[in-house]
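Let me begin by presenting the structure, written as structure tokens, before commenting on it.
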Amino acid sequence: MAVNSAELIEIINLIAHDIQKNRDFLTELDSAIGDADHGINMSKGFKAVTEKISTMADKDCGSILKTVGMTLVSTVGGASGPLYGTAFMRAGQAVGDKQQLGFEDIPILLDAALEGIKMRGKAVKGEKTIIDALEPAVEVLKSSPMDIKLMNAAVKAAKDGVEYTKGIIAKKGRASYLGERSLGHQDPGATSCYIMLSSTYKAILDRNN
Amino acid sequence: MAVNSAELIEIINLIAHDIQKNRDFLTELDSAIGDADHGINMSKGFKAVTEKISTMADKDCGSILKTVGMTLVSTVGGASGPLYGTAFMRAGQAVGDKQQLGFEDIPILLDAALEGIKMRGKAVKGEKTIIDALEPAVEVLKSSPMDIKLMNAAVKAAKDGVEYTKGIIAKKGRASYLGERSLGHQDPGATSCYIMLSSTYKAILDRNN
Amino acid sequence: MKKIINNPENVVQEMLDGMVAAYPQYVRKIDGFEVIVRANAPIKGKVALVSGGGSGHEPSHAGFVGKGMLDAGVAGAVFTSPTPDQVFEAIKAVDGGAGVLLVIKNYTGDIMNFEMAGEMAEAEGIKVASVVVNDDVAVEDSLYTSGRRGIAGTVFVHKIAGAKAEAGGTLEDVKAVAEKVIKNTRSMGMALTPCIVPAAGKPTFTLAEDEMEIGMGIHGEPGTKRTHIMQADDLVDHLMEKILDDIPYKSGDEVAVMINGLGATPLMEQFIMNRRVSEILKKNGITVYRTFVGEFMTSIEMAGASITLLKLDDEFKQLLDAQADTPAFRQL
Amino acid sequence: MKKIINNPENVVQEMLDGMVAAYPQYVRKIDGFEVIVRANAPIKGKVALVSGGGSGHEPSHAGFVGKGMLDAGVAGAVFTSPTPDQVFEAIKAVDGGAGVLLVIKNYTGDIMNFEMAGEMAEAEGIKVASVVVNDDVAVEDSLYTSGRRGIAGTVFVHKIAGAKAEAGGTLEDVKAVAEKVIKNTRSMGMALTPCIVPAAGKPTFTLAEDEMEIGMGIHGEPGTKRTHIMQADDLVDHLMEKILDDIPYKSGDEVAVMINGLGATPLMEQFIMNRRVSEILKKNGITVYRTFVGEFMTSIEMAGASITLLKLDDEFKQLLDAQADTPAFRQL
Ligand SMILES: Nc1ncnc2c1ncn2[C@@H]1O[C@H](COP(=O)(O)OP(=O)(O)O)[C@@H](O)[C@H]1O
Ligand SMILES: Nc1ncnc2c1ncn2[C@@H]1O[C@H](COP(=O)(O)OP(=O)(O)O)[C@@H](O)[C@H]1O
Ligand SMILES: [Mg+2]
Ligand SMILES: [Mg+2]
Ligand SMILES: [Mg+2]
Ligand SMILES: [Mg+2]
């Protein structure tokens, strides 16, 4: 696999498309244990992202990812804006000024993203957040040499992570105010994270075939 | 006919009873063209009146009527409190310190009551107020020598006056803000006035038989 | 009925107790009466201002008792004017020898009860004068009817006449300036929802989910028309047209603006209204000298708002700028 | 949805325009940003206070921008914390060289966005400190969760830290006193009705005609329990028990009280609550130094209210008494 800047933009556009498609679903999840805006926040942010990166095909991959991050930070607000914003900015820093990305870059940039989210949100696994989807995926990606199958396994791990959030009490974010009442509900942020990983996998798979 | 202080108190208690009986009816009339409190206001006032005059059997008739007026003024509020309060106070002044009232006193005290209401409310006939019931009654009472039949005719004139209020536009009081929309509705104040006259007539009739 | 109350019969009494408990530095209550007076009443030599009416319009009127505004606020039952003995008690408590001005909203009941109280006070040798506020252009004015209703514009009378009295004006001066305010003040309001009188327990009227009433009174009196909910700008355009045409207010005039929430309408919406008001005034060449946005004359928990304009002259500007220090209206 | 608005997308922008049109003597807006700053910002040598959060809590926070309180209020979308660039812009606009204190309510989003803004400002050489307000005892505090929410008690932080800054305190002083306020402030609220976020167009939750929710958050976050509507006194007893027990407040303490209406609850009901609050405090030997009743931290048009107690010492009393002059909070 090798993804150049134009292709990276296409992948991000696919993520934006899938977030948009799941706007109401994510909002509905957030209305059960939060404030009913996660889908609205995320789709507002990715709409801005799509516009912002549309003219960046001649820029390096790091710059594109950093722009995504900065755009999310300055348009989303709430908890997810700084979290996903920091994630993309850190991912951009991690890949630097590369003009194209290979399989080997994926664990590096996602690990940087995870670290960024942890730094910003001070959450750990098991607190019913984005991390419950992202960390298992990153662990899988770091467990063996990278290929499309491992990527698939990572997406599956993220999905399991989303499933896992149903059985735990929220300790971070707005859902934590519910205490026990957050049990039984799937975390919106973990879900949007899984959606983004899954979109990325599908885009790469399409490109590989 | 001759009514002493104890009997005057009984008549007033009958009025209080009939006002209480018509509490919801009067309020309903007021809800169509006013603020839905006429029955509440009046029955609150007459409840206080009944209590206040219960110990006045040894006082003169003028004092009793003045006490009724002052009690209405200080408990009813709104438009009807000052109007009926003034009416009773004026009626009391008109009969002075008499220990008993005869037929000939009725036109005098009701005329004084009417003048009091006019002075206080600055309304004239045809403006959809108490006056549309009271003035025709007083006119009948002043038209011939007083007897029980004339009294009956006066009550009928008051009733016609109530009927008449349905066909006119309110020019005074809260109903005047409705303009044309006050048409077709019977005036609450004219109605309570008719009820009071009719109670008085029935009480005297009972006593005469 | 969703209200934070105990027995509906006691709301006025308990409200006044809670108010005095909150603001002892400003006000006290006269024992046995629903009358709130300045903590330091009577003030010797100062003309005193007494206002009041039915309860349910908080902070009117007791909330404006304090330096530079009222000396007493008399609270009747909810939406029912207080009785003369209550008003009489207020007059006696605040008269400092220079006389008392009664500020009455134009409702038959209020006028008669305050008038009787005035007569009682005069009989005891107290100088009393009164003015009747009638700023609501939703109702046509006429000598042959009860005329226009008094609504939020009353607060401008409290402010300006109160400042005049504080500055040492005589009863004649204070009455004259109050009458000048009344002549130059016009208001109009609208409602999105009715309100519930606690003792009644249910709304006196209903509005459908997509309806509003324009020109509504502050006791739920009907307005000029019932329409589909309008956009804020269209609504403000309609109210402002009626208000501006009435006096009329003309290019070159200077005004004070009051956006008054009726109870349930949040500040956010009041500011959105003011945005349009200021646009319209600018377009008409009318200068805004001061603006007041908030709840001044409410209808319990009615959703809706009114707009008031006061046409200014130099005397008004000076009195409007004067210091005021009351529970609900303060100006440094 | 019964609201006086135009396009729901534009409510924040139009509200801020209307606010600036109303109070040009107090505030101005930074072009292209949802940031309200003092008309005379930056004030050279004075520590500046910046607060903010999602909109819908008016008059918080922009309404408290002015002398003796805030230097800037940053307004996010309704119930959504503002982005870092908005906060950054506010910081830059008000820094007078003595540093900037960020007053943040304890919500994950607010903390992260304000923190990032602080980092951006520090990168430009501006001294920045921050405090996080967490007064809501309805939520259990714990180091291992997000802790308690920040609600109406935030306004006491604005008042007291603002007075400290106005009096010439250093950034360290102002931060220290703000933290001391936070340590001594506890609140709890309840709701009778939900509210409607304009962009959503419908309420996020529902309460039956006879239900209320105790411990409700100011964005409609669930509370501790949903019950049948209680009498005002019982309700206040319950809230006060939770609040008093928390610090705890003890006999001999002196406190400031805030009764905060959430939007649709009229002053009448707020005063009825205060009556009971003052009774309870008296019974517990706690002295009330000052009381504030009104709308300070609302939830759009939610019906309900919160109670806040601040335990006082001499420094607090002096700063609480200090002059303040802002659109929504004035003290002579
Ligand atoms: N400290 C945190 N670390 C990681 N993720 C978090 C944290 N706090 C909240 N989240 C995630 O953010 C999601 C909510 O995002 P969103 O609804 O956009 O923000 P808000 O809660 O401000 O409305 C939650 O579902 C959760 O996954
Ligand atoms: N100026 C007036 N003169 C005579 N009667 C009046 C006048 N104004 C009002 N009324 C009477 O008062 C009645 C309403 O009384 P009520 O409902 O108790 O007072 P309010 O209008 O203050 O609520 C009206 O139906 C009308 O008959
Ligand atoms: Mg959310
Ligand atoms: Mg009535
Ligand atoms: Mg009435
Ligand atoms: Mg949110």
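Convention: sequence-line order gives letters A, B, ...; per-chain numbering from 1. Keep in mind the model is a prediction, meaning the values are calculated, not measured.
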Residue C/Asp210 excluded, over 12 heavy atoms near CG under 6.0 Å:
yes
Are there over 12 heavy-atom neighbours, none belonging to C/Lys242, within less than 6.0 Å of that residue's NZ?
no
Tell me, side chain or backbone of C/Phe292 under 4.5 Å from chain D's heavy atoms, or both, or neither?
backbone
Honestly, the part of C/Val236 sitting under 4.5 Å from a heavy atom of chain D is neither
Shortest non-hydrogen contact from C/Gly76 to C/Ser55?
O-OG, 2.7 Å
Of all of C/Glu211, C/Lys67, C/Met302, C/Met230, which one pairs up most often with chain D through heavy atoms under 4.5 Å apart?
C/Glu211
If you count heavy-atom pairs under 4.5 Å between each of C/Arg290, C/Met19, C/Gln323, C/Gln270 and chain D, which one has the most?
C/Met19
If I measure from the heavy atoms of chain C, does D/Asn7 come under 4.5 Å with its side chain, its backbone, both, or neither?
backbone
Non-hydrogen atoms of chain D under 4.5 Å away: do they reach the side chain of C/Ala328, the backbone, both or neither?
neither
Closest heavy-atom contact between C/Gly261 and C/Thr298?
O-CG2, 3.5 Å
With chain C, which of D/Asn6, D/Asn274, D/Leu267 has the greatest number of heavy-atom pairs at distances under 4.5 Å?
D/Asn6
So which residue, D/Leu332, D/Asp325, D/Leu192, ends up with the most heavy-atom pairs under 4.5 Å with chain C?
D/Leu332
For the NZ atom on D/Lys317, are there more than 12 heavy atoms of other groups (residues, nucleotides or ligands in this structure) within a distance under 6.0 Å?
yes
Side chain, backbone, both or neither: which part of D/Leu235 has a non-hydrogen atom closer than 4.5 Å to chain C?
side chain
With only heavy atoms counted, which part of C/Val288 is less than 4.5 Å from chain D, the side chain, the backbone, both or neither?
neither
Over all heavy atoms of both residues, which pair between D/Ile151 and D/Met297 is shortest? Give the atoms and the distance, please.
O-CE, 3.6 Å
Structural part of C/Leu207 lying under 4.5 Å from a heavy atom of chain D
both
Check D/Ile36, D/Val74, D/Thr154 against D/His61 for a side chain to side chain contact (heavy atoms under 4.5 Å, CB included) and give me the one that passes.
D/Thr154
Taking every non-hydrogen pair under 4.5 Å, which of D/Asp17, D/Asp233, D/Val12, D/Ile229 racks up the most with chain C?
D/Asp233
Quick check: are there more than 12 heavy atoms from other residues, nucleotides or ligands sitting under 6.0 Å from CD of D/Gln25?
yes
Which atoms of D/Ala21 are under 4.5 Å from chain C, going by heavy atoms: the side chain, the backbone, both sets, or neither?
both
Okay, D/Val257 and chain C: the region with an atom under 4.5 Å from a heavy atom over there is neither
Can you tell whether the side chains of D/Lys282 and D/Glu279 come within less than 4.0 Å, N to carboxylate O?
no
Taking every non-hydrogen pair under 4.5 Å, which of C/Met212, C/Gln331, C/Arg330, C/Arg276 racks up the most with chain D?
C/Arg330
D/Pro266 backbone acceptor or donor facing C/Lys3 side chain under 3.5 Å
no
Within the side chain of D/Lys159, is there an N or O that forms a donor-acceptor pair under 3.5 Å with the backbone of D/Ala322?
yes
Heavy-atom distance under 4.5 Å to chain C: side chain of D/Met273, backbone, both or neither?
side chain
Taking every non-hydrogen pair under 4.5 Å, which of D/Val11, D/Ile4, D/Thr291, D/Thr265 racks up the most with chain C?
D/Ile4
Check: C/Gly54 main-chain N/O paired with C/Thr80 side-chain donor or acceptor under 3.5 Å
no
Proximity breakdown for C/Ala62 and chain D, heavy-atom pairs closer than 4.5 Å:
neither
Does any backbone or side-chain atom of C/Ser278 lie under 4.5 Å from a heavy atom of chain D? Answer side chain, backbone, both or neither.
side chain
